[in-house]
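FYI, the numbering just counts along the sequence from 1.
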Amino acid sequence: MATAPVPPVLHLTGVTQPPALPTPLDLTVHPGEFVAVLGTPGSGKSTLLSLAAGLSAPATGHIAIDGAALATLPRAELVRIWLDRVARVPQDADTALDPHLTAAENIALPLELSGEGARTARQRALTILFEMELGEIAERRPAEISGAHRKAVTVARALAGERRLVLADEPTDGLDGEIADTLLALLRMRRPAGAAVLMTTSDPDRAAWADRIVLLRELTPTRQAG
């Protein structure tokens, strides 16, 4: 008996969102794939990830996560997707973290919201921090650590769970080579478990860590990167 084909983790068809994304674009990301979208600053990369996460609706086109069309989902199911399936690394780490929580608590919070026990969530948070050789900041609040470390905490938060889709908006922007390489290596490590990673960047060297690189201007129905 033939098995049903596995749907892509993320599928965008004919998506626009003027003025940032005025031209219809297509993009498919499969399980276990690391895709980098390369584009200049202001080219619409952050808008693309916001649409992919379901945080905003496109002006035209369709977006699906694991075969579920986001436009058809009731709010409660969309929230559940955000909690259970999608992990985001926002570009601005300073506003992404709760200033009243420690680094470990910031990482553990989404896991607890998705139903994981507090003790297990904290252990996951500490494990990922030590994997990143950042165990010394575990009990420090965002204001007590550097901007690079705040960025690293947002990446750690996205990687601590077992979500199917990781959306990383310029995750290495402003980081030095060693920390940036560590974060990119951790993003790649999610692939064997079947997670899909979609990362935006303006740096070709960072994009080279991905399995596939697409230029934002090439994500059109007539010039789909493959």
Side-chain angles (χ1 to χ4, degrees), residues 9-10 20 27 29 32-55 65 82 85-98 103-104 106-111 124-125 127-135 137-138 142 145-216 219:
V9 177
L10 177 66
L27 177 64
V29 186
E33 188 177 27
F34 184 176
V35 176
V37 175
L38 183 62
T40 58
S43 60
K45 301 188 301 296
S46 295
T47 300
L48 172 62
L49 290 193
S50 178
L51 292 169
L55 297 177
I65 293 178
W82 293 335
R85 300 193 202 177
V86 179
R88 295 176 58 246
V89 181
Q91 189 171 14
D92 187 358
D94 291 339
T95 59
L97 301 176
D98 188 322
N106 266 288
I107 296 168
L109 180 60
L111 300 174
R124 282 181 180 265
T127 297
I128 192 69
L129 283 172
F130 277 100
E131 285 179 356
M132 298 168 70
E133 299 183 355
L134 294 175
I137 70 169
I145 59 179
S146 68
H149 283 163
R150 287 193 292 272
K151 173 75 81 169
V153 171
T154 65
V155 175
R157 183 173 60 184
L159 298 179
E162 298 177 350
R163 293 170 178 81
R164 292 268 294 159
L165 177 62
V166 178
L167 302 172
D169 192 1
E170 298 272 7
T172 61
D173 186 35
L175 301 182
D176 63 34
E178 185 176 352
I179 293 179
D181 287 350
T182 297
L183 298 188
L184 291 167
L186 288 169
L187 285 172
R188 283 192 63 82
M189 287 173 59
R190 296 307 309 272
R191 296 155 53 254
V197 179
L198 179 62
M199 176 184 76
T200 63
T201 183
S202 55
D203 186 337
D205 291 334
R206 303 299 183 218
W209 281 79
D211 301 313
R212 179 161 56 102
I213 302 172
V214 292
L215 301 180
L216 188 57
L219 294 177

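- Interatomic distance, Ile107 CD1 to Leu129 CG, rounded to the nearest 0.5 Å: 3.5 Å.
- In this structure the side chain of Arg124 reaches within 4.5 angstrom of the side chain of Leu111, judged on heavy atoms.
- The distance from the OG1 atom of Thr201 to the CG atom of Asp173 is 8.0 Å, given to the nearest 0.5 Å.
- For the pair Asp211 and Val35, the minimum side-chain heavy-atom distance is 4.5 Å or more.
- Across every non-hydrogen atom of Val86 and Arg163, the tightest pair is O-CD, 3.2 Å.
- At least one donor-acceptor pair closer than 3.5 Å links the side chain of Lys151 to the backbone N or O of Gln91.
- In this structure, Asp98 contributes its side chain and Asn106 its backbone to no donor-acceptor pair below 3.5 Å.
- Residues Val155 and Leu186 have side chains not in contact (no heavy-atom distance under 4.5 Å, counting atoms from C-beta outward).
- Contact check for Val153 versus Ile145: side-chain heavy atoms found under the 4.5 Å cut-off.
- For the atom pair CZ (Arg88) and CG (Leu165), the distance works out to 11.0 Å, reported to the nearest 0.5 Å.
- Formation of a donor-acceptor pair under 3.5 Å by the Lys45 side chain with backbone atoms of Thr200 is not found in this model.
- Put simply, the side chain of Leu159 does not reach to within 4.5 Å of the side chain of Met132, judged on heavy atoms.
- Atom-to-atom distance recorded for Asp169:CG and Met199:CE is 10.5 Å, nearest 0.5 angstrom.
- Separating the CD atom in Glu133 from the CD atom in Glu131 is a distance of 10.5 Å, to the nearest 0.5 Å.
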Can you give the donor-acceptor pairs under 3.5 Å from side chains of residues 202-210 to other protein atoms, not counting sequence neighbours?
residue, atom, partner, partner atom, Å
Asp203, OD1, Asp205, N, 2.8
Arg206, NH1, Asp181, OD1, 3.4

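- If you take CG on Leu27 and CG on Leu51, they are separated by 11.5 Å, rounding to the nearest 0.5 Å.
- Annotation: side chain of Arg157 is in contact with side chain of Leu97 (closest heavy-atom distance under 4.5 Å).
- Among pairs with a residue in residues 33-44, those fulfilling side chain to side chain donor-acceptor pair (under 3.5 Å) read Glu33-Arg212, at least two apart in sequence or across chains.
- Residues Val166 and Val197 form a side-chain contact, since some pair of their non-hydrogen atoms from C-beta on lies under 4.5 Å apart.
- Minimum heavy-atom separation, Ile213 to Leu38: CG2-CB, 4.2 Å.
- Scanning all heavy atoms of the two residues, the minimum distance from Ala158 to Val89 falls at CB-CG2, 3.5 Å.
- In plain terms, the two heavy atoms of Ile137 and Ala103 that are nearest each other are O-CB, 3.3 Å.
- Between Leu183 and Pro171, the shortest heavy-atom contact is CD1-O, 4.1 Å.
- Of the possible polar contacts, none joining the Trp82 side chain to the Leu55 backbone as a donor-acceptor pair under 3.5 Å is found.
- Of all heavy-atom pairs between Ala108 and Ala125, the closest is N-CB, 4.1 Å.
- Side chain of Ser50 to main chain of Ser46: no donor-acceptor pair is present (N/O by atom type, distance under 3.5 Å, no hydrogens or angles).
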